[in-house]
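A short write-up of the structure that comes next.
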Amino acid sequence: MIGHVLQVTLPVFSIAAVGYVYGRLHGREMDSANRVNLNLFVPALLFYVLSEKIPSAAQWHSVAIGTVIIVLGSGLLALPFTRLARLPKRVLLPSMMFNNSGNLGLPLAAFAFGDQVLPLAVVAFVVSTAMHFSLGIWLVSGTFHPGTLLKNPIFLATVAGILAHAFDWHLPSILLPGLKMLSEVAIPLMLVALGVRLIGFDTRHWKSGLLGALLCPLSGLLSAFVALLWLAPEPETRNVLLLFSILPPAVMNFILAERFGQSADEVASMVAMGNLASLLVIPLGLGFML
């Protein structure tokens, strides 16, 4: 069992560690690489999986509904802690609701459960990302413009992939190898970027960071139990939802907090400590699932 868990987690965290070392040696500038990943490689991955690999409707419906329950449930469970920790709702709630379903969730699902389960993890990532760029932006900024989604390549690739699946459209076979090659860049680059992001952790806000590191997987797991009781999904779907629920806060929370002036240093602490704590939390969680 321990060996299996290590086989899953070591490759993921090792690539993130490579990113950390690279950032230490060559600097933290990853804006260009992240922009290319978010605008090209991740959309290619989403379109490829959604149009060519998406599972049966019953499975992906359960994942989508379960993801919504986990995201909203995590926010409700975290709400009382805004007063206890004296943190504004716009600072704490998004980091507890929107987790690292891309950088960690996708590679972990692929390593833990196989490529056949990756489409289910992609569905969770798509739903979470769509909520993050709508509900999440509203929580942080107090406003939201639907046009924001129409300019987002991830959202556009998702819509295109779902339409292709719904109408059974497929790219010409001569183009599929190129699309697959583009999609295969996304996950390793996500992990490298995650490692680079962990550089420069500010210890001044360690209390907020510790709260986020503990509360994010705990609130997610409790919400996942509610989803599982209601949906009673198949084992593959159950595992994806459980894995999704214990993931740490997403780096995007820091980016949005910085953009809208919502205590970015405290959010960065939650993201950093949450991802460091996942070195323990995720192996423990996978130990029960595998």
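- Under the 4.5 Å side-chain heavy-atom criterion for ILVMFWY residues, no single connected hydrophobic cluster contains both L218 and V226.
- Under the 4.5 Å side-chain contact rule for hydrophobic residues, V159 and L150 share a cluster.
- Two residues are said to be in side-chain contact when any heavy atoms from C-beta on lie closer than 4.5 Å; L106 and L45 meet this criterion.
- Note on V18: it does not cluster hydrophobically with F111, by side-chain heavy-atom contacts below 4.5 Å among ILVMFWY residues.
- Both L156 and F47 belong to a common hydrophobic cluster when Ile, Leu, Val, Met, Phe, Trp and Tyr are linked at side-chain heavy-atom distances under 4.5 angstrom.
- The nearest pair of heavy atoms linking N100 to N275 is ND2-OD1, 2.9 Å.
- How far OH of Y20 is from CZ of R28: 10.0 Å, rounded to the nearest 0.5 Å.
- Separation of atoms CD1 (I282) and CG (L104) is listed at 5.0 Å; rounding is to 0.5 Å.
- Taking each heavy atom of S245 and A224 in turn, the nearest pair found is CB-CB, 3.6 Å.
- Applying the ring pair (Phe, Tyr, Trp, His ring centres under 6.0 Å) rule to pairs touching residues 68-103 yields F98-H132, sequence neighbours excluded.
- Note: S51 OG to F167 CZ = 14.5 Å, rounded to the nearest 0.5 Å.
- Here the side chain of N37 pairs no donor or acceptor atom with the backbone of A33 at under 3.5 angstrom.
- Residues satisfying the side-chain hydrogen bond (donor to acceptor under 3.5 Å, both in side chains) test with S223, not counting sequence neighbours, are none.
- Annotation for M270 and S208: closest pair CG-O, 3.4 Å, computed over non-hydrogen atoms.
- Under the 4.5 Å side-chain criterion, counting only non-hydrogen atoms from C-beta, V68 is in contact with M131.
- For residues 169-182, the set of pairs meeting the side-chain hydrogen bond (donor to acceptor under 3.5 Å, both in side chains) definition, not counting sequence neighbours, comprises E52-H170, D168-H170.
- How far CG of L87 is from CG of L211: 6.5 Å, rounded to the nearest 0.5 Å.
- Both L46 and L176 are part of a single hydrophobic cluster, where members link through side-chain heavy atoms under 4.5 Å apart.
- For the atom pair M96 CE and T82 OG1, the distance stands at 11.5 Å (nearest 0.5 Å).
- Between L242 and F288 the shortest side-chain heavy-atom distance does not fall below 4.5 Å.
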Quiz item: Should Y48 and L182 be marked as a side-chain contact (heavy atoms from CB on, under 4.5 Å) after you check the CA-CA gap, both sets of side-chain angles, and the distance that decides it?
Solution: CA-CA 9 Å; Y48 175 70; L182 287 174; over 6 Å; no
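- Residue L286 comes nearest to A112 through the heavy atom pair CD2-CB, 4.1 Å, listed as atom of the first residue, atom of the second, then distance.
- Looking only at distances, no side-chain donor or acceptor of S128 sits under 3.5 Å from a matching main-chain atom of A124.
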Practice problem: Apply side-chain contact (heavy atoms from CB on, under 4.5 Å) to the pair L79 and K89, showing each step before the final yes or no. | Solution: CA-CA 7 Å; L79 190 58; K89 297 181 181 67; 3.7 Å; yes
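- Taking both residues in full, the closest heavy atoms of V63 and V123 are given as CG1-CG1, 3.8 Å, listed atom of the first, atom of the second, then distance.
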Quiz item: Should N239 and V117 be marked as a side-chain contact (heavy atoms from CB on, under 4.5 Å) after you check the CA-CA gap, both sets of side-chain angles, and the distance that decides it?
Solution: CA-CA 9 Å; N239 287 338; V117 177; over 6 Å; no
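- For the pair N39 (side chain) and P153 (backbone), a donor-acceptor distance under 3.5 Å is absent.
- Between the CE atom of M97 and the CG atom of L135 there is a distance of 4.5 Å, given to the nearest 0.5 Å.
- Although no hydrogens or angles enter the test, the distance criterion places no donor-acceptor pair under 3.5 Å between the side chain of E236 and the main chain of P233.
- Heavy atoms only, all atoms of each residue included: I246 and V281 are closest at O-CG1, 4.0 Å.
- For CD1 of I174, the number of neighbouring non-hydrogen atoms (other residues, nucleotides, ligands) closer than 6.0 Å is 12 at most.
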Quiz item: Going through the distances and angles, do F244 and V71 end up as a side-chain contact (heavy atoms from CB on, under 4.5 Å)?
Solution: CA-CA 10 Å; F244 175 82; V71 170; 4.2 Å; yes
